[in-house]
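Along the sequence shown, residues are numbered consecutively beginning with 1.
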Amino acid sequence: FISGLMSGFSLSVAAHVLRYGIRSRVAQAVFLMLLLSSLLFLLALYVDVRLGIELAGIEAVEEGVARRIADVRVIGTTGATIALFLFVVAVGLLGWLATPLTGALSTLLAGAVMYALVLVWMRIGDITRLLGSV
């Protein structure tokens, strides 16, 4: 349910950017990224909650149903992954609304986090492929 929390964070920051009326292209880009991030986190939350409700109490499913469940989970997971990447990029750009130094530092920090996220994403993909071949 971290998606619900992240959706709220994204929307809250987007509302603050909008509230302060910053009209630069960077502010507009940050606002749109955070808005999309919030919506994608909500998509992931919906997938997780709806599947949880529908599958509650079910202990075993046929292979065809399991594949369909996995396909729907891929939609939720992909949405959450894209949302997280957008959130990190938007946070990295937020510093540019303050000062150039803050912008450079926030971009550097966001870049380091993005690198770590891509590394983790690739490693998890490797694990998923290994599990699929068992």
Identify the two heavy atoms, one from [X] and one from [Y], that lie closest to each other, and give their separation to 0.1 Å.
X     : Y      : value
Gly4  : Leu45  : CA-CD2, 3.8 Å
Val30 : Ala90  : CG2-O, 3.9 Å
Phe41 : Ser7   : CB-CB, 3.7 Å
Val65 : Val61  : CG1-CB, 4.0 Å
Val89 : Met114 : CG2-CE, 3.3 Å
Ala44 : Gly76  : CB-O, 3.3 Å

Legend entry - Electrostatic pair Arg68-Asp71, nearest N-O below 4.0 angstrom: no
Legend entry - Distance in Å, Phe31 CZ paired with Leu36 CG, rounded so as to fall on 0.5 Å steps: 11.5 Å
Inset, instruction - Output the distance between atom CG (Leu43) and atom CG (Asp48), rounded to the nearest 0.5 Å. - result: 11.0 Å
Inset, instruction - Check whether Leu94 and Leu11 end up in the same hydrophobic cluster, where Ile, Leu, Val, Met, Phe, Trp and Tyr are linked by side-chain heavy atoms less than 4.5 Å apart. - result: yes
Can you see whether [X] engages [Y] through a side-chain donor-acceptor pair at a distance of less than 3.5 angstrom?
X     : Y      : result
Thr99 : Thr102 : yes
Ser10 : Ser38  : no
Trp96 : Ser106 : no

Side chains of [X] and [Y], heavy atoms from C-beta outward: is any pair under 4.5 Å?
X      : Y      : value
Gln28  : Val17  : no
Val118 : Phe85  : yes
Arg129 : Asp126 : yes

Inset, instruction - Check whether any side-chain N or O of Thr81 sits under 3.5 Å from a backbone N or O of Thr77 as a donor-acceptor pair, and report yes or no. - result: yes
Legend entry - Whether Thr107 side chain and Gly103 backbone form a donor-acceptor pair below 3.5 Å: yes
